Amino acid sequence: MTTHVRSSWRAVCAPVALAAVLLTGCQSASGGGAEEDGRLEEERPASVSPAPPRPSGYGAVFLAVDECSSFGRTSFTEVPCTSERAAARVVARHDGTVREGPRCPATTDFVLHISEQRPSLDEDGDGAVPQGYACMRNLQPPHPGDPGGGGGPRTIVGDCVYGLGDGKVRETACDGKGKRKPEYKVTKAVDARSACPASTALYVRLGGTSPVGCALPV
């Protein structure tokens, strides 16, 4: 009799105990609370941390806007703008070629042409640097891209030029300190030659929305 009662107790209690475990497990998983002994907490899958955001600034994209390059026009590297090697800052950055892409800002000092590269790993991790160009501004004077500065990729109002013959001109410093003395100064940019003052002695091709430069002798 005793044996029979004990056997029945075991048979009844086993599913009850199993149900209690299952119920406890469900409550713990849905409620998110830790058990006092910590055993169920340890058995939960480890949480996966989200991937860190892509870095911004130096190194995220090769020569992005506001990043800096070392000295050199044909051989250069990207460096932090606080580095003693930093020479110029990127004021605009475009893919493709200068001829096909947008114009650099008016006071750009020089342009860096970036050849397409496909290394195994680059700054942004995609294994490629597309062909493009960076419009650069020197961190320190001189600034040849400023009006009258004698250089830069664009001729703008305030610049001086000298004649090369065959209707061509080249920019030079207005202060006369360049290799060639200035002969004309661009005083106005207009849509068409007819809009230039009557005293205009030379028309200079500027490009952009006001493509004609009206120049006077200096």
Side-chain angles (χ1 to χ4, degrees), residues 61-76 78 81 86-117 129-218:
V61 177
F62 185 65
L63 286 182
V65 174
D66 286 334
E67 293 178 354
C68 293
S69 72
S70 62
F71 293 90
R73 303 290 179 87
T74 58
S75 178
F76 56 88
E78 180 184 314
C81 292
R89 186 186 303 273
V90 181
V91 294
R93 174 72 157 82
H94 304 289
D95 292 338
T97 63
V98 173
R99 179 173 297 181
E100 299 172 349
R103 292 159 58 85
C104 283
T107 56
T108 298
D109 286 331
F110 64 95
V111 177
L112 289 180
H113 299 269
I114 302 167
S115 300
E116 183 177 14
Q117 302 173 31
V129 176
Q131 180 186 20
Y133 57 98
C135 309
M136 310 298 297
R137 175 84 173 169
N138 293 330
L139 294 179
Q140 302 293 334
H143 293 291
D146 284 351
R154 293 181 55 182
T155 301
I156 59 177
V157 173
D159 281 341
C160 293
V161 299
Y162 64 91
L164 293 174
D166 297 330
K168 297 179 181 179
V169 296
R170 179 169 293 171
E171 189 177 337
T172 188
C174 288
D175 60 9
K177 296 181 179 179
K179 294 181 179 179
R180 294 287 300 270
K181 299 296 182 181
E183 297 177 358
Y184 304 91
K185 183 174 183 177
V186 180
T187 59
K188 191 175 183 180
V190 296
D191 297 337
R193 291 188 177 189
S194 59
C196 283
S199 56
T200 299
L202 182 73
Y203 302 102
V204 180
R205 183 181 300 174
L206 304 180
T209 57
S210 299
V212 179
C214 314
L216 301 177
V218 294

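Below, all heavy atoms of this structure are taken into account, side chains as well, without hydrogens, waters or symmetry copies. Everything numeric here is computed off the predicted structure, so don't read it as measured data.
A search for side chain to side chain donor-acceptor pair (under 3.5 Å) contacts involving Thr187 returns nothing, not counting sequence neighbours. Take Ala201 and apply the side chain to side chain contact (heavy atoms under 4.5 Å, CB included) test, not counting sequence neighbours, and it matches Tyr184, Pro217.
Separation of atoms CD1 (Ile114) and CZ (Phe62) is listed at 5.5 Å; rounding is to 0.5 Å. In this structure, CZ in Arg170 is found 12.5 Å from CD in Glu183, a value given to the nearest 0.5 Å. In this structure, the separation between CG on Asp175 and NZ on Lys181 is 8.5 Å, given to the nearest 0.5 Å.
Shown here for Pro197 and Lys188, the closest heavy-atom pair between the two residues is CD-CD, 4.4 Å. Of all the heavy atoms in Val111 and Cys104, the pair that sits closest is CG2-SG, 3.8 Å. Heavy-atom minimum distance, Pro182 versus Val218: O-CG2, 3.3 Å. Across all their heavy atoms, Leu206 and Thr155 have their closest contact at CD2-O, 3.3 Å. Heavy atoms only, all atoms of each residue included: Val65 and Ala92 are closest at CG2-CA, 4.1 Å.
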Review item, side-chain donor-acceptor pairs of residues 156-163, under 3.5 Å, at least two apart:
{"residue": "Asp159", "atom": "OD1", "partner": "Gly148", "partner atom": "N", "Å": "2.8"}
{"residue": "Asp159", "atom": "OD2", "partner": "Ile156", "partner atom": "N", "Å": "2.8"}

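Looking only at side-chain heavy atoms (C-beta outward), Thr97 and Gln131 come within less than 4.5 Å of each other. Contact of the Asn138 side chain with the Pro144 side chain is registered, since non-hydrogen atoms from C-beta on lie closer than 4.5 Å. Between Met136 and Val90, the closest side-chain pair of non-hydrogen atoms falls below 4.5 Å.
Residue pairs satisfying the side chain to side chain donor-acceptor pair (under 3.5 Å) criterion with at least one member in residues 207-218, sequence neighbours excluded, are absent. Within the structure, salt bridge (Lys or Arg N to Asp or Glu O under 4.0 Å) pairs that include any residue of residues 89-109 comprise Arg93-Asp95, Asp109-Arg137 (at least two apart or interchain). Pairs of residues two or more places apart, or lying in two chains, that qualify as ring-ring contact (aromatic ring centres under 6.0 Å, His included) and include a residue from residues 88-114 are His94-Tyr133.
Side-chain N or O atoms of Asp166 include none that pairs as donor or acceptor with a backbone N or O of Lys168 at under 3.5 Å. Listed for the Thr108 side chain is no donor-acceptor partner under 3.5 Å among the backbone atoms of Cys135.
Results of the side chain to side chain contact (heavy atoms under 4.5 Å, CB included) test with Cys196 over Leu216, Val212, Leu202 single out Val212 as the only residue that passes.
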From CA spacing to verdict: side chain to side chain contact (heavy atoms under 4.5 Å, CB included), Cys214, Val190:
CA-CA 8 Å; Cys214 314; Val190 296; 3.8 Å; yes

